[in-house]
2 protein chains.
Amino acid sequence: MGEEKKNATIYDVAAAVGVSLATVSRVVNASQNVRPATRDKVLAAISDLGYRPNAVARGLASKKTTTVGVVMPDMTNLFYSELTRGIDDVANMYQYDVLLTNTDDDPKRALTAVRNLADKQIDGLLFMGSQLSDEVLRAIQATGVPVVLAGSVDQGRVLPSVNIDYRAAFCEVTADFLKAGNERIALILGSTDRAIDQDYRRAGYVQALEDAKQPVDEGLIFAGARSYQDGKDLAEAIDQTGASAVVAYDDEVALGILNGLQDMGKRVPEDVSIVSANNTTFTMVARPEISSIDQPKYDIGAVAMRLLTKLMDKEKLDEAQVLLPYTMVKRQSTK
Amino acid sequence: MGEEKKNATIYDVAAAVGVSLATVSRVVNASQNVRPATRDKVLAAISDLGYRPNAVARGLASKKTTTVGVVMPDMTNLFYSELTRGIDDVANMYQYDVLLTNTDDDPKRALTAVRNLADKQIDGLLFMGSQLSDEVLRAIQATGVPVVLAGSVDQGRVLPSVNIDYRAAFCEVTADFLKAGNERIALILGSTDRAIDQDYRRAGYVQALEDAKQPVDEGLIFAGARSYQDGKDLAEAIDQTGASAVVAYDDEVALGILNGLQDMGKRVPEDVSIVSANNTTFTMVARPEISSIDQPKYDIGAVAMRLLTKLMDKEKLDEAQVLLPYTMVKRQSTK
DNA sequence: TTGAAAGCGCTAACAA
DNA sequence: TTGTTAGCGCTTTCAA
């Protein structure tokens, strides 16, 4: 019974070969200063004993854990899970493991998460969320580890980040709608108080209107819809505004609006045009398919993680605020 | 400049209060054997110095990292991300952190992931995937840490797992189709070689046919579709079989088939009925909405994690193979 | 090229 | 109730 095969330690390997710990450590860490013959013997013993270095002990001794913390709102949201997929793949490429925490975009939970990750001595932090509260920002800085924001803006521009130019993108879709003759364009945001909604998405929308000398009608701006059902529930109110075009910040919400509108007997795009912003699978499965801003989600995550690896290696960043290109994908929900 | 505020250690706290490390450690670990007055002084110093225990050092000394490994195929798949959401929430509840690894359902990557997580001295492992290869199974057992499978079957029934009764569920939907008068029912699987597809889903389908004294037509069984696009591409072939009903193992695939069929001019459910199996958001956004087996995804993850916490606490499990109830959600894609 | 020895920051006997 | 003392398994000077 009791299969108590204790894991071999570096001592066991050293003893088996008849060298010191230091030598085994050098072999394990691929240091140059080991005679090939010695190295081979050590390698053989490692393989014999099935020795695997204990990462916790390593972390304590070297003060590097090869682990990064990832703080995200919700992994069941396709936008964030695709970002995180990019993060994870690059992390793996550079031999980092990922400690993942969902925050539901709640600053309180983000705060706990950051502190908790810091306790685990992460080497770096990837932060996602529609908002970076001052408190969270301070907690992040207190950890002393490098941080990169992915798909999230930092109003103060003090942290490195990877995004698309949300302002320009929202300005562009709005301007396109204006050019197509739409006079009343509804804007759907996630919140009334978060920078990414107000200072970027809304700002872009407003700018397009101003550029076209059009008034901004607050009645056309909706905030707070987060889910497909929220979108469906919003369809009626949007219809009431007489809007002939809708710009939505989220695909599931956009799809809810689309289906809600159609269930009411409206035709898309004949009566109302819709553009969404994340270009996830939801835009393609809709009928009609939904036109969308295409953010390179996977790449945003991947680039952010790559920046983080540089920071963890004490490299300087050429540019700390990276804006990746976005494109417009024209589908059937716009004329 | 150089803000070199080194983190306070347990020594600093002990020195500040004038007690030994052991006492501080006792306070931090909520041991009973500390005089209240001492405890208060220690707590005050901890708060003063902003002391936070170093989890890595703790892990090394105590041999518990309060970290669990989670191995999953793909976090951008709603089925798995919802399972993982349940896992994560319960893990947090019990103060565990989650080290997450995507494997793309590739046994080779799963093997690397398991070993790597073991190196990090995880306290337990949550495994998801359509397949558990012998090699991976051995690697898992070699780690010596408790394991629970979530939404994944272990043919050998040696590992604890949480699932629904896939066989019964697929039998039931097939039988329902039979009862509704369908004579040719197509079955869409993920693979031709994985237990969950062959020994459970397919077995349930076959059983329903046998119960009804109907022949099994291999031409009606399709395997290998993984994505929405795969489903769309499959629509034509399914139509060729003359099937009047389709049972699909995955929602995105089902939606692809649905849209593909409709694009070909077929009417759902008038010409073809469709039932899917995961009841993710994709089933509800479809037009017509897709009927589905409803697996309690979040709960499968949550229960699996709860079992794991018990195992990590050396508790015995009442039942190691948990089957959670499933239900049938009738929507518009079936008559 | 190799080894000795001092930690990394903490927990956990064992004593007192 | 508190302190002393070994470690946990490794990395990393510093010497040799």
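Hydrogens, waters and symmetry mates are skipped; everything else that's a heavy atom, side chains included, is used. Proteins get letters first, then strands, A, B, ... in listed order; numbering begins at 1 in each.
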Stepwise, does the salt bridge (charged side-chain N to carboxylate O under 4.0 Å, His left out) test hold for A:Arg85 with A:Asp89? CA-CA 6 Å; A:Arg85 195 57 224 254; A:Asp89 284 354; 3.3 Å; yes
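A heavy atom lying under 4.0 Å from DNA chain C marks the following residues of residues 31-39 of chain A, by number: A:Asn33, A:Val34, A:Arg35, A:Thr38.
Picking from C:dG9, C:dA13, C:dT11 the nucleotide with the shortest atom distance to the side chain of B:Leu21 gives C:dT11. Comparing atom distances between the A:Tyr51 side chain and each of C:dA13, D:dC10, D:dC8 picks out D:dC10 as nearest. If you check D:dC10, C:dG9, C:dG3 against the side chain of B:Ala57, the one that comes closest is C:dG9.
Backbone-only contact: B:Val19 has heavy atoms under 4.0 Å from sugar-phosphate atoms and none from a base.
At C:dT11, one or more side-chain N or O atoms of B:Asn29 fall inside 4.0 Å of OP1 or OP2 (strictly under the cut-off). Side-chain nitrogen and oxygen atoms of B:Thr23 include at least one within less than 4.0 Å of the OP1 or OP2 phosphate oxygen of D:dG3. At least one side-chain nitrogen or oxygen of A:Ser25 sits closer than 4.0 Å to the OP1 or OP2 atom of D:dT11. The side chain of A:Ser62 places no N or O atom within less than 4.0 Å of a non-bridging phosphate oxygen (OP1 or OP2) of D:dT11. Contact check, A:Lys63 against C:dG9: a side-chain N or O comes under 4.0 Å of OP1 or OP2.
In this structure the side chain of A:Asp74 never reaches within 4.5 angstrom of the side chain of A:Tyr80, judged on heavy atoms. For the pair A:Asn102/A:Met75, a side-chain contact is recorded, criterion being any heavy-atom separation below 4.5 Å from C-beta on. Residues B:Met128 and B:Asn77 have side chains not in contact (no heavy-atom distance under 4.5 Å, counting atoms from C-beta outward). Side-chain contact between A:Pro53 and A:Val28 is present, with at least one heavy-atom pair separated by less than 4.5 Å.
In this structure, the CD1 atom of B:Ile46 is 14 Å from the C1' atom of C:dG9, given to the nearest Å. Summarising the geometry, the separation between NZ on B:Lys120 and C1' on D:dC10 is reported as 14 Å, rounded to the nearest angstrom. Summarising the geometry, the separation between CG on B:Asn54 and P on D:dC8 is reported as 18 Å, rounded to the nearest angstrom. Rounded to whole angstrom, the span from the CD atom of B:Gln121 across to the C1' atom of C:dC10 amounts to 15 Å. The CG atom of B:Leu49 sits 15 Å away from the P atom of C:dG9 (whole-angstrom rounding). To the nearest angstrom, P of C:dT1 lies 14 Å from CG of A:Asp40.
Residue A:Ile10 is the one, among A:Ile10 and A:Arg26, whose nearest nucleotide of DNA chain D lies closer to the 5' end (criterion: closest heavy atom). Both A:Ala61 and B:Leu60 lie close to DNA chain D; mapped to their nearest nucleotides by heavy-atom distance, the more 5′-ward contact belongs to B:Leu60.
No option in B:Ser152, B:Ser130, B:Ser133 other than B:Ser130 meets the side-chain hydrogen bond (donor to acceptor under 3.5 Å, both in side chains) test with B:Arg194.
Heavy atoms from other residues, nucleotides or ligands lying under 6.0 Å from CD of A:Gln141 number more than 12.
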